[in-house]
Amino acid sequence: MVALSSSSKIYVAGHRGLVGSAVVRAFLLKGYQSLLVRTHDELDLTNQAAVHGFFNKERPEAVIMAAARVGGIHANNSRPALFIRDNLLIQDNVIDAAYRCGVTKFVFLGSSCIYPKLAPQPIKEDYLLTGPLEPTNEWYAIAKIAGLKMCQAYRREYGFNAISLMPTNLYGPGDNFDLQHSHVLPALIRRIHEAKIRGDARIKVWGTGTPRREFLHVDDLADAILYLFQNYDAEQMLNVGWGEDVTIRELAELVMSVIDYRGDLEFDTTKPDGTPRKLLDVTRLKGLGWKPRISLETGIQQTYAWFKEHGALARL
Ligand code: GDP
């Protein structure tokens, strides 16, 4: 295991995002004092010269790669070029610069959408590249697969110490609550909150309500990143999930009960369902001694409290 101390310089790429901000909170709490961050205005990660210049100057010892172009089913589906281009450029620049500057630990983050659309459930890490992807987010997925393969290739050829983690659908404070471009959970929190305030009799839910999704609170993910940052150095990528899933209808009902909204659900079947089910097999991660703690109900309560305090912060 690489020895990194609490004063090691750690670059958290994407520190203003849902994942990056949770990583900063978790690492600071654990006593890491030398976190290096840059806003998008200060450093454009799609710009190769800028990224290499930054690494040469700052020379971080470790990197948590939480920067990516992300969005929900509609954003992914309607901006295929943006999603594949930005993600390929960002990760290629950061991984290569980190290797060239002698970074001793690199954590790459992917997504559960890298797996085949009809993968057997729960999805084991071994199912990668065994079937066609879900078309609504294949651009993002292809980029993320390239990223994790790049980490494996750099480890094999150059001995670069990169690990790859594949989180399930995430949510939590700092999420994007934009109604068109966000993921389902923040969209439902906002829509149900606004319906309650307006006194609407019903709210719209995209699709049929039957797809199943697994949700992990981002503070649990940050805790897993911290744990694996300290305890895991291997080529094998790891799923990070909660271990159970719910239907979109059940999710909407849970959000309604947290917000105390008593209207009806109306399913808008002109909108896509996406993949029917996406539940990660987390046996490997459990075997390494980590498990999540924040239940979906508690997590929604906490995220709703954050939303009421901060309002909608659309990021796309
Ligand atoms: P996915 O896991 O990549 O499909 O990402 P999403 O979180 O965007 O969507 C998950 C599921 O929730 C899909 O079946 C959507 O059709 C459904 N869904 C229901 N209402 C909404 C909504 O308001 N926004 C989004 N993004 N999805 C919704």
Side-chain angles (χ1 to χ4, degrees), residues 12-30 32 35 37 39-40 64 66-75 109 111-112 165 167-200 203-206 213-227 240-242 244-246 248 250-263 265 291-316:
V12 181
H15 73 287
R16 282 186 162 172
L18 174 66
V19 175
S21 55
V23 166
V24 168
R25 287 195 296 276
F27 275 64
L28 284 176
L29 254 175
K30 201 71 183 178
Y32 289 94
L35 301 184
V37 296
T39 64
H40 189 276
I64 312 294
R69 167 73 62 185
V70 298
I73 194 165
H74 173 70
L109 294 167
S111 154
S112 57
L165 313 180
T168 192
N169 290 34
L170 299 167
Y171 71 99
D175 210 340
N176 171 6
F177 288 84
D178 177 84
L179 287 177
Q180 287 305 313
H181 298 290
S182 72
H183 285 101
V184 59
L185 209 157
L188 288 178
I189 288 180
R190 177 164 169 191
R191 201 168 302 132
I192 292 170
H193 172 77
E194 291 177 354
K196 182 181 171 182
I197 288 173
R198 285 195 299 259
D200 294 349
I203 62 131
K204 270 201 176 155
V205 178
W206 294 359
R213 292 289 184 276
E214 177 190 23
F215 296 94
L216 183 73
H217 193 285
V218 72
D219 287 342
D220 270 337
L221 173 66
D223 190 57
I225 291 171
L226 185 60
Y227 184 78
V240 187
W242 174 254
E244 285 167 32
D245 57 2
V246 293
I248 297 301
E250 286 164 348
L251 177 72
E253 287 167 352
L254 188 54
V255 175
M256 281 170 61
S257 92
V258 166
I259 296 183
D260 192 26
Y261 169 71
R262 316 259 166 98
L265 296 176
K291 60 176 189 330
R293 285 186 289 239
I294 307 170
S295 75
L296 186 54
E297 186 166 5
T298 306
I300 292 174
Q301 284 163 350
Q302 192 234 37
T303 307
Y304 181 48
W306 187 92
F307 171 75
K308 279 195 292 186
E309 205 181 317
H310 295 85
L313 298 177
R315 287 199 311 263
L316 200 85

Distance, nearest 0.5 Å, that separates CG of L179 from NZ of K204 = 12.5 Å

message = So which atom in S112 and which in N169 form the shortest heavy-atom distance, rounded to 0.1 Å?
response = OG-OD1, 3.8 Å

ask   = Does E214 reach the main-chain N or O of W242 with its side chain, forming a donor-acceptor pair under 3.5 Å?
value = yes

inquiry  = Using the side-chain contact (heavy atoms from CB on, under 4.5 Å) criterion, which residues pair with A26? Sequence neighbours excluded.
reply    = A222

message = Taking side-chain contact (heavy atoms from CB on, under 4.5 Å) as the definition, give me every residue that meets it alongside F27, ordered by chain and number, with sequence neighbours left out.
response = I10, V23, Y32, L35, I64, I225, L226, F229

request  = Check side-chain contact (heavy atoms from CB on, under 4.5 Å) between S182 and all other residues, then give those that pass, not counting sequence neighbours.
outcome  = N176, P186, A187

request  = Could you list the residues that satisfy salt bridge (Lys or Arg N to Asp or Glu O under 4.0 Å) with D223, not counting sequence neighbours?
outcome  = R293

request  = Evaluate the side-chain proximity of R262 to M256: yes if any heavy-atom separation is below 4.5 Å, no if none is.
outcome  = no

inquiry  = Tell me every residue that passes ring-ring contact (aromatic ring centres under 6.0 Å, His included) with H74, counting only those two or more places apart in sequence or in another chain.
reply    = H181

remark   = Between G172 and L18 the two heavy atoms that sit nearest each other are O-CD1, 3.6 Å

ask   = What are the two closest heavy atoms between I294 and D220, and how far apart are they?
value = N-OD2, 2.8 Å

key: Derivation of the side-chain contact (heavy atoms from CB on, under 4.5 Å) call for V255 and Y304   = CA-CA 9 Å; V255 175; Y304 181 48; over 6 Å; no

ask   = Any idea which heavy atoms bring I203 and A195 closest together, and the distance?
value = CG2-CB, 3.3 Å

message = Atom CD of residue position E244 - does it have more than 12 heavy atoms of other residues, nucleotides or ligands inside 6.0 Å?
response = no

remark   = CG of L254 to CG of L188, rounded to nearest 0.5 Å, is 10.5 Å

inquiry  = Please enumerate all residues that pass side-chain contact (heavy atoms from CB on, under 4.5 Å) together with S21, with sequence neighbours excluded.
reply    = R25

key: Donor-acceptor contact below 3.5 Å, side chain H310 vs main chain W306   = yes

key: Pairing residues for E253 by the salt bridge (Lys or Arg N to Asp or Glu O under 4.0 Å) criterion, not counting sequence neighbours   = R249

inquiry  = For Y171, give me all partners under side chain to side chain donor-acceptor pair (under 3.5 Å), at least two apart in sequence or on another chain.
reply    = none

query = Could you give the distance from OH (Y227) to NZ (K291), rounded to the nearest 0.5 Å?
reply = 10.5 Å

request  = Considering non-hydrogen atoms only, spot the tightest contact between Y261 and D200 and give its length.
outcome  = OH-O, 2.9 Å

For the student: nearest non-hydrogen atoms of A66 and V19, plus distance = CB-CG1, 3.9 Å

note = Across all chains, not counting sequence neighbours, the side chain to side chain donor-acceptor pair (under 3.5 Å) partners of S257 are none

inquiry  = My understanding is that only one of V240, L185, L221 makes a side-chain contact (heavy atoms from CB on, under 4.5 Å) with L170; could you say which?
reply    = L221

note = Applying side chain to side chain donor-acceptor pair (under 3.5 Å) to T303 and not counting sequence neighbours gives none

inquiry  = When you compare the side chain of R213 with that of L251, does any pair of heavy atoms fall below 4.5 Å?
reply    = no

key: Qualifying residue, where the test is salt bridge (charged side-chain N to carboxylate O under 4.0 Å, His left out) with E194 and the options are K196, R190, R191   = R190

message = Just to verify, what does H217 make a side chain to side chain donor-acceptor pair (under 3.5 Å) with, not counting sequence neighbours?
response = Q302

message = Can you confirm whether more than 12 heavy atoms, excluding those of R198, are under 6.0 Å from its CZ atom?
response = yes

